[in-house]
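A note on names: the letters A, B, ... follow the listed sequences, proteins ahead of strands, and every chain is numbered from 1.
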Amino acid sequence: MPELPEVETVRKALEKNIIGHRVIDVDIILPKIVKSNELKEKLINHTFTQIKRRGKWLLIMLDNGILLSHLRMEGKYYYKPSNEEILKHEHVIIYLDNNMSLRYVDTRQFGLMHWFDTIEDVDLYLSERLGNEPWDIKVTDLYHKIHKRTVPIKNILLDQKLVSGIGNIYADEILFISKISPLRPANQITIKELTKLVNSSSEVLQKAIELGGTTIRNFESEMGQTGHYQNKLLVHTKEGLPCLNCNNRIVKIKVGGRGTYYCPDCQK
DNA sequence: AACGAAACCTGCGCGC
DNA sequence: TGCGCGCAGGTTTCGT
């Protein structure tokens with residue numbers, strides 16, 4: 001599930017469901033997901049206060065600290081009655097004071113959770129991993145960081161340290177809208193083009209947030225994770241279909257190891 | 001420092 | 001039917 005708009009959708013759903021509720025028990029079924037040994041003890045008898053998000057990270061705040069959660073490729077949160085049976089791939093279960101439970105589900109087991117006692121500790125941890133979100137990017141700063149890089153520009157968009165929140169689907173969409181090839185070496189991108197990329201990034205992510213994110217490949221819907229942006233996709237998943245600008249075929253290639261869709265005629 | 005590839009996992013669809 | 005391969009919305013780590 002997880003680029004910025006999808007994580008934001010989860011954030012809102014968590015906010016709606018668990019704020020004000022107290023944890024009465026925690027079941028860590030797959031310990032490798034949880035990177036902090038004391039997570040269970042820290043959660044029990046404490047109350048959710050607010051849910052924040054930085055890039056693709058969820059900050060699930062309690063009255064005594066922060067559960068920092070990353071969904072990676074397929075992590076999801078389910079909110080369901082406590083007495084329902086534990087299903088395969090439900091790896092962490094947090095039982096609440098209202099006979100409901102928050103369940104972390106993750107088929108590929110890539111996601112992870114940390115515990116931090118203070119927001120300062122979270123900020124320190126994330127500052128080593130995250131750059132600004134697109135709407136907070138200063139184009140000249142970003143240009144300075146990438147103008148000597150030789151990697152394809154798509155790799156830059158996917159580098160969370162440079163711009164946070166963009167993933168494989170939205171990177172393709174952003175590049176298409178900007179009419180820039182995903183393969184263009186970063187050091188050939190002009191200030192003007194970078195401005196277009198940053199602006200398009202903001203627009204695409206914000207529009208996707210409005211629509212509740214993107215749901216493709218028949219992912220299950222839980223906790224508001226089914227969005228509608230998939231109906232707005234212009235290139236991603238469109239291999240062989242006519243480009244909406246020029247009618248030539250969208251092609252699928254590999255860039256930075258990721259499946260990449262683009263129009264070789266419109267995107268230069 | 002920067003880059004590409006591999007690693008971490010499970011499940012699905014496809015071709016033989 | 002069964003098997004092997006490639007692929008999947010991400011990030012970290014390991015070799016050059």
Pairing residues for Asn245(A) by the side chain to side chain donor-acceptor pair (under 3.5 Å) criterion, not counting sequence neighbours: none
Exercise: do Thr215(A) and Tyr229(A) side chains pair donor with acceptor under 3.5 Å: no
For Tyr262(A), the rest of its hydrophobic cluster, which grows through side-chain links under 4.5 angstrom: Leu183(A), Val251(A), Ile253(A), Val255(A)
Base-contact (B) and sugar-phosphate-only (S) positions in nucleotides 8-14 of chain B, heavy-atom cut-off under 4.0 Å, - elsewhere: BBBS---
Protein-nucleotide distance (Ile169(A), atom CD1; dA8(C), atom P), rounded to Å: 11 Å
Residue Arg129(A), side-chain heavy atoms: nucleotide from dT12(C), dA8(C), dG9(C) that is nearest: dT12(C)
Distance, rounded to the nearest Å, where Leu158(A) contributes CG and dA8(C) contributes P: 13 Å
Below 4.0 Å: OP1/OP2 of dT11(C) and any side-chain N or O of His70(A): yes
Nearest-Å distance once atom P is located in both dC3(C) and dC8(B): 24 Å
Secondary-structure stems for DNA chain B, with pairs counted as Watson-Crick or G-U when both distances are under 3.5 Å and runs at least 3 long: B:2-8 with C:10-16, B:10-16 with C:2-8
Residues from residues 112-120 of chain A lying under 4.0 Å of DNA chain C - heavy atoms: none
Selected nucleotide, minimal atom distance to Asn168(A) side chain, candidates dT11(C), dA8(C), dG9(C): dG9(C)
Lys252(A) side chain near dC7(C) phosphate (N/O to OP1/OP2, under 4.0 Å): no
Ser82(A): partners by side chain to side chain donor-acceptor pair (under 3.5 Å), with sequence neighbours left out: none
Salt bridge (Lys or Arg N to Asp or Glu O under 4.0 Å) contacts touching residues 141-168 of chain A (sequence neighbours left out): Lys154(A)-Asp172(A)
Sugar-phosphate or base contact per nucleotide [nucleotides 2-7 of chain B; S, B, -; heavy atom under 4.0 Å]: SSS---
Any Lys56(A) side-chain nitrogen or oxygen under 4.0 Å from OP1 or OP2 of dG9(C): no
Nucleotide dT12(C), atom C1' - distance to CD of Glu128(A) in whole Å: 14 Å
Ring-ring centroid check Tyr261(A) His236(A), cutoff 6.0 Å: yes
Residues 22-32 of chain A side chain polar contacts: donor-acceptor under 3.5 Å, at least two apart:
| unit_1 | atom_1 | unit_2 | atom_2 | d |
| --- | --- | --- | --- | --- |
| Arg22(A) | NH1 | Asn45(A) | OD1 | 2.8 |
| Lys32(A) | NZ | Gln109(A) | OE1 | 3.1 |

Interatomic distance, Leu4(A) CG vs dG10(C) P [rounded to whole Å]: 11 Å
Separation between CG of Asn64(A) and OG1 of Thr118(A), rounded to the nearest 0.5 Å: 11.5 Å
Fellow cluster residues of Ile119(A), listed by chain then number, with links counted only when side-chain atoms sit under 4.5 Å apart: Trp57(A), Leu59(A), Met61(A), Ile66(A), Leu68(A), Leu112(A), Phe116(A), Val122(A), Tyr125(A), Leu126(A), Leu130(A)
Short N-O contact, Glu173(A) and Lys238(A), less than 4.0 angstrom: no
Ring pair (Phe, Tyr, Trp, His ring centres under 6.0 Å): pairs with one or both residues in residues 85-111 of chain A, sequence neighbours excluded: Tyr77(A)-Tyr104(A)
Salt bridge (Lys or Arg N to Asp or Glu O under 4.0 Å): pairs with one or both residues in residues 182-202 of chain A, sequence neighbours excluded: Arg184(A)-Glu193(A)
Exam field: side chain Gln188(A) to backbone Pro185(A), donor-acceptor pair closer than 3.5 Å: no
